[in-house]
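Bear in mind that the values here come from a model prediction, so they are computed numbers and not experimental data.
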Amino acid sequence: MREAMEFDVVIVGAGPAGLSAACRLMQLANEQGRPLEVCVVEKGSEVGAHILSGAVFESRALEELFPDWRERGAPLHTPVSADEVYLLKDAERALKLPDALLPKSLHNAGNHIVSLGNLVRWLGEQAEALGVQVFPGFAVAEVLQDENGRVEGVVTGDMGVAADGSHKDGFMPGMELHARYTLFAEGCRGHLGKQLVERFGLAGDTDPQHYGLGIKELWDIEPSRHRPGLVIHGAGWPLDKDSGGGFFLYHAENHQVVVGLIVDLNYANPWLSPFDEFQRLKHHPVLKQYLEGGKRVSYGARAIAKGGFNALPEMAFPGGLLLGCDAGTLNVAKIKGSHTAMKSGLLAAETVFAALLEELPDSAWAPRWKAAFEASWLHEELHRSRNFGPALHRLGPLAGGAFNFVEQNVFAGRLPFTLHDREADHARLRPAAECPPIVYPKPDGVLGFDRLGSVFLSNTNHEEDQPCHLRLADPAIPIGRNLPLYAEPAQRYCPAGVYEVLGEEQGGPRLQINAQNCLHCKTCDIKDPAQNIVWTTPEGGGGPNYPNM
């Protein structure tokens with residue numbers, strides 16, 4: 001029998017959306033003098049441990065939540081000082097694009113270069129000061145529903161279960177967290193959010209969600225090469241015309257830069273390795289001029305929900321809401337999702353608090369959420385950028401870029417039609433025999449590195465003797481279908497070396513899953529061509545421990 005705790009609101013995930021919702025709920029409760037029990041459950045070992053983002057941060061939602069954020073010491077220390085955008089033609093050449101040819105959404109004046117992990121840690125401190133109960137190190141494994149199907153809370157995962165399912169010394173069963181409202185803010189491709197979308201039919205006739213894989217490193221660079229506040233974006237090489245995406249390099253504080261590559265997960269060639277493309281990218285002169293002589297200090301990877309407005313599911317369901325990247329609120333036109341995630345949390349808190357205060361039934365509460373969302377700047381911003389991603393997917397980077405320039409700069413996102421992208425990312429993969437193999441150079445240990453050394457820098461750790469959290473719906477598919485058809489692409493799309501095909505020389509290949517390497521990026525759950533890999537939560541506290549990311 002599990003123990004249970006009772007709350008007014010349970011929030012799953014201590015990211016920008018979840019913590020913003022928690023803070024706003026307590027602000028409203030304190031203003032009204034109404035007691036309120038709110039808890040936030042976080043699977044990372046600490047708040048911020050699993051947070052990974054570029055990040056150039058727009059403070060609009062933060063201003064609404066804490067107008068005095070400067071006085072409170074929010075870690076926004078590096079305002080953007082300059083924007084540069086490049087089209088990389090090949091391994092040596094690049095074209096710098098003039099500002100006049102860029103969509104307005106890519107201009108970053110007034111924004112800040114931040115560590116989103118540190119910003120989230122600060123938000124966690126604000127939440128606790130307001131009276132929120134924050135529980136890091138506990139993975140949520142299950143959604144609780146009543147006899148009518150209404151969500152009434154969650155169950156945390158058992159601790160101390162061995163790989164064979166037996167209970168180890170120190171076994172602790174999961175705990176039931178009951179709530180009148182449960183908010184899911186797990187980030188991109190949340191495993192519970194995915195279940196709720198299917199269970200309640202929330203996707204309807206929306207476009208399928210589209211994703212990118214973002215790979216990021218943090219570097220200490222030579223002071224003479226450091227330009228605080230410089231934001232660099234670009235596209236082109238090393239990705240070809242059939243592989244969309246782009247790179248970033250931001251000059252943060254303390255002589256550090258963050259550098260990364262986002263690879264659209266609708267790529268067709270199964271030989272492509274996003275990790276190795278990133279290692280090649282850093283040798284381009286546009287990036288090398290800053291990194292050369294520096295030291296890589298951290299590494300991480302995370303999937304990004306980039307389908308935007310056209311892929312948004314219904315966010316409300318009986319008893320709860322999907323927030324932030326769990327729903328897909330990132331604005332791909334700005335390459336930003338933190339401010340939109342925070343705004344979704346603020347809207348959720350205001351709607352839920354009113355529902356608690358007025359004791360509204362779901363039949364009245366859900367329409368109120370929808371009205372609040374549709375009246376917000378969040379809805380307006382996402383609607384104006386609805387064509388940005390589909391234009392790039394359907395028209396390519398040049399024609400799509402030209403379309404986006406005209407739509408964003410001339411029509412302000414108000415063209416009277418909507419472009420759609422109806423093909424799921426995993427369905428775009430072509431058989432290996434139809435695609436040219438890609439041979440990647442060996443890492444030089446200076447600018448390019450291998451997977452295992454990179455994973456080491458992510459501080460990733462899992463208790464090894466636990467059930468594998470990367471589950472195969474059909475264990476025969478990787479070798480029986482994916483290997484002959486697609487050369488088992490999991491070996492290459494995973495940025496952490498989790499999946500290996502072993503034993504081919506003995507005539508009996510098998511798939512080995514190194515789950516202890518998992519960065520929780522969710523790429524396997526997204527890109528597997530058979531949709532056979534199901535990402536579930538490992539034991540709480542496992543996964544990466546990102547510092548300053």
- Task: Determine the interplanar angle of the His383 and Phe309 rings, folded into 0 to 90°, and report it as parallel if under 30°, tilted if 30 to 60°, perpendicular if over 60°.
- Result: perpendicular
- Take the angle between the ring planes of Trp219 and Phe449 and call it parallel below 30°, perpendicular above 60°, tilted in between. tilted
- Option passing side-chain hydrogen bond (donor to acceptor under 3.5 Å, both in side chains) with Ser273 (candidates Arg451, Gln491, Arg280): Arg451
- Cut-off 3.5 Å, side chains only: do Ser454 and Arg296 have a donor facing an acceptor? yes
- Query: Judged by modelled atom types alone, do Thr340 and Asn331 share a side-chain donor-acceptor pair under 3.5 Å?
  - Reply: no
- Hey, what's the ring geometry for His462 with His469, parallel, tilted or perpendicular (30° and 60° as the breaks)? parallel
- Donor on one side chain, acceptor on other, Asn266 and Lys306, under 3.5 Å: no
- Query: Is a side-chain donor-acceptor pair under 3.5 Å present for Tyr86 with Glu84?
  - Reply: yes
- Run the numbers on Asp525 and Lys194 for salt bridge (Lys or Arg N to Asp or Glu O under 4.0 Å), then give the verdict. CA-CA 11 Å; Asp525 195 287; Lys194 178 181 167 186; 2.7 Å; yes
- Task: Would you confirm whether Asn310, through its side chain, and His420, through its main-chain N or O, come within 3.5 Å as a donor-acceptor pair?
- Result: no
- Only one of Leu261, Asp240, Ile215 passes side-chain contact (heavy atoms from CB on, under 4.5 Å) with Glu277; say which it is. Leu261
- Task: Answer whether the closest heavy-atom distance between the side chains of Cys435 and Pro270 falls below 4.5 Å.
- Result: yes
- Message: Can you see whether Trp377 has Arg60 sitting over its ring - NZ or CZ less than 6.0 Å from the centre and within 45° of the normal?
- Response: yes
- Query: Taking Asn409 for the side chain and Leu102 for the main chain, is one N or O donor matched with an acceptor at less than 3.5 Å?
  - Reply: yes
- Item | Gln256 side chain reached by Val297 side chain, heavy atoms, under 4.5 Å | yes
- Query: Where do Leu330 and Lys336 come nearest, in terms of heavy atoms and distance?
  - Reply: CG-O, 3.6 Å
- Item | Glu64/Lys343 under salt bridge (Lys or Arg N to Asp or Glu O under 4.0 Å): CA gap, chis, key distance, verdict | CA-CA 9 Å; Glu64 295 180 13; Lys343 181 60 176 178; 2.8 Å; yes
- Item | Side-chain heavy atoms of Pro529 within contact of Pro489, under 4.5 Å | yes
- Message: Can you tell me how the ring of Trp237 sits relative to the ring of His284, calling it parallel under 30°, perpendicular over 60° and tilted otherwise?
- Response: tilted
